[in-house]
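In what follows, a structure is listed as structure tokens, so that the remarks can point back to it.
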Amino acid sequence: MALIDTYKNNLIRKQKEKARLIDEKAKESNKIPQQHQKIISAKNTLLKTTSSSTQKSKLSEIQRAEAEINNIHKKVASIDKKIAQKEHEILLESNKIQKEEQRLLKKQIEEDTKARKERERQMKELLNKPTNQYINNGGQMNIASGNANITATFNYYETPTTLEEIINKIKDSDLSAFNSEEQEILIDNIDILQEQLTSETPKKGFIRTAISGLTELIYVSATLTEPLEKLISFAKPYIE
């Protein structure tokens, strides 16, 4: 069991103990009016009777009732101390929970920062890596790597059929590694690239934004890293 769960369980237990003590105090306090009523009744009888035995009996009743009231006050005072102690214990457990939550939050922030820096490093590495240009020349596929040049005249980039295969592979894959927001970003940017890369007048700004969005997600799922890299490689010549 996690430490914070232990603290929370302790807090719940002590709160229940405090509630039980408050109920116990209420039950004891409710006995006091009954004893006062006995005293009043005995005093009324004393005012009316002339019998010495009756007077003696009623005086004894009054003494017993007063003694019982004193005992009740002592019990209530003892319960009040226990309640105060439980409130102190509850405060301590609450402080423990707060400190542990702060520690866990700090740890999560550090892990998120480390993961973000690693993604940024991987993104820079990916963006700085030489990309292959795929150019279709009436059925002839020429490939240029790094700074190499292609002099052949071409009419359009990779055919939509191959592009669609890559996109369909991504969309048909298991996206459970992405949270709901990441899935929405992934699909939106893929749709933008599909629309722009098959357009007669592709817009560089849209393509550049989509590439940036996909690059941030490229290492979320190991199974989709390669397809996303291929898709980005297809798109990058359009903005160069």
Side-chain angles (χ1 to χ4, degrees), residues 1-49 53-123 174-186 213 216-217 219-222:
M1 179 183 293
L3 186 59
I4 191 168
D5 292 330
T6 300
Y7 292 154
K8 288 181 178 179
N9 289 338
N10 289 342
L11 177 62
I12 293 172
R13 176 172 56 81
K14 293 181 184 299
Q15 288 173 333
K16 288 180 179 179
E17 291 173 353
K18 177 187 173 182
R20 179 181 58 78
L21 288 170
I22 291 174
D23 288 341
E24 185 179 346
K25 176 184 175 181
K27 290 178 182 179
E28 290 296 328
S29 298
N30 288 337
K31 295 177 182 179
I32 294 176
Q34 298 175 359
Q35 298 304 319
H36 279 305
Q37 187 61 40
K38 288 181 180 180
I39 293 172
I40 292 172
S41 177
K43 286 182 177 180
N44 288 337
T45 301
L46 284 173
L47 293 174
K48 297 176 182 178
T49 187
S53 61
T54 300
Q55 290 174 346
K56 184 178 179 180
S57 173
K58 294 303 175 181
L59 286 173
S60 295
E61 286 183 14
I62 292 172
Q63 290 175 350
R64 287 195 298 272
E66 289 176 342
E68 183 62 23
I69 290 173
N70 287 333
N71 288 334
I72 293 172
H73 281 310
K74 289 179 181 179
K75 289 181 181 179
V76 170
S78 175
I79 294 172
D80 279 334
K81 289 182 179 179
K82 292 179 181 179
I83 291 174
Q85 178 61 31
K86 288 300 171 186
E87 289 176 342
H88 178 67
E89 292 173 3
I90 287 171
L91 178 60
L92 291 178
E93 292 299 330
S94 297
N95 289 338
K96 289 179 182 179
I97 292 172
Q98 184 179 9
K99 290 180 180 179
E100 182 63 12
E101 287 176 340
Q102 290 174 347
R103 186 187 71 81
L104 292 174
L105 178 59
K106 181 180 178 181
K107 181 180 178 182
Q108 185 63 50
I109 291 174
E110 290 175 350
E111 290 176 352
D112 290 345
T113 301
K114 182 178 179 181
R116 177 177 55 78
K117 288 181 178 179
E118 177 61 19
R119 287 197 300 269
E120 289 175 351
R121 184 192 67 77
Q122 293 173 342
M123 286 169 56
D174 180 13
L175 302 181
S176 58
F178 301 88
N179 60 39
S180 58
E181 182 180 355
E182 289 172 339
Q183 288 184 24
E184 184 177 350
I185 294 172
L186 177 70
E216 293 182 1
L217 303 175
Y219 294 109
V220 174
S221 171

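Counting from 1, the numbers follow the sequence of the chain as shown.
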Are the charged groups of E110 and K107 less than 4.0 angstrom apart, N to O? no
Counting C-beta onward and ignoring hydrogens, is there a side-chain heavy-atom pair between H73 and I32 closer than 4.5 Å? yes
State whether the number of non-hydrogen atoms from other residues, nucleotides or ligands found under 6.0 Å of Q55 atom CD is greater than 12. yes
Applying salt bridge (charged side-chain N to carboxylate O under 4.0 Å, His left out), run through E111 and K114 and close with a yes or a no. CA-CA 5 Å; E111 290 176 352; K114 182 178 179 181; over 6 Å; no
Hey, what do you get for CD1 (I69) to CZ (R64), rounding to the nearest 0.5 Å? 13.0 Å
Taking S57 for the side chain and S53 for the main chain, is one N or O donor matched with an acceptor at less than 3.5 Å? no
How far apart are the closest heavy atoms of I185 and G213, and which atoms are they? CG2-O, 4.5 Å
Could you tell me if E66 and N70 have a donor-acceptor pair between their side chains, going purely by distance under 3.5 Å? no
Least distance between heavy atoms, T54 atom then T45 atom: CG2-CG2, 4.0 Å
Between the side chains of K27 and E24, is the shortest nitrogen-to-carboxylate-oxygen separation below 4.0 Å, so that they form an ion pair? no
Spatial distance of atom CD1 (I90) from atom CD (Q85) [nearest 0.5 Å]: 10.5 Å
Considering non-hydrogen atoms only, spot the tightest contact between I97 and Y7 and give its length. CG1-CB, 3.5 Å
Taking atom CD1 of I4 and atom NZ of K99, what is their separation to the nearest 0.5 Å? 13.5 Å
Would you name the heavy atoms of K38 and A65 that are closest together and state the gap between them? CB-CB, 4.4 Å
Has the side chain of S78 got a donor or acceptor atom that lies under 3.5 Å from a matching backbone atom of K74? no
Just by modelled atom types, is the I72 backbone N or O under 3.5 Å from a matching donor or acceptor in the E28 side chain? no
Minimum heavy-atom separation for D80 and K25, please, with both atom names. OD1-NZ, 2.8 Å
Using salt bridge (charged side-chain N to carboxylate O under 4.0 Å, His left out) as the criterion, point out the one residue from K82, K14, K18 that pairs with E87. K18
At what distance, to the nearest 0.5 angstrom, does CG of N44 lie from CD1 of I39? 12.0 Å
Going through the checks in order, is the salt bridge (charged side-chain N to carboxylate O under 4.0 Å, His left out) test met by E100 and R103? CA-CA 5 Å; E100 182 63 12; R103 186 187 71 81; 2.6 Å; yes
Can you tell me how far apart NZ (K43) and CG (L59) are? Round to the nearest 0.5 Å. 10.5 Å
To the nearest 0.5 Å, what is the distance between CG on L92 and CG on N10? 11.0 Å
For the pair E89 and K86, find out whether any cationic side-chain nitrogen is under 4.0 Å from an anionic carboxylate oxygen. yes
Hey, are the side chains of L186 and V220 touching, using non-hydrogen atoms and a 4.5 Å cut-off? no
Side-chain contact, heavy-atom cut-off 4.5 Å: K106 with Q102? no
Mind checking whether S94 and L11 have side chains closer than 4.5 Å, heavy atoms only? yes
Side-chain heavy-atom pair N95, Q98 within 4.5 angstrom cut-off: yes
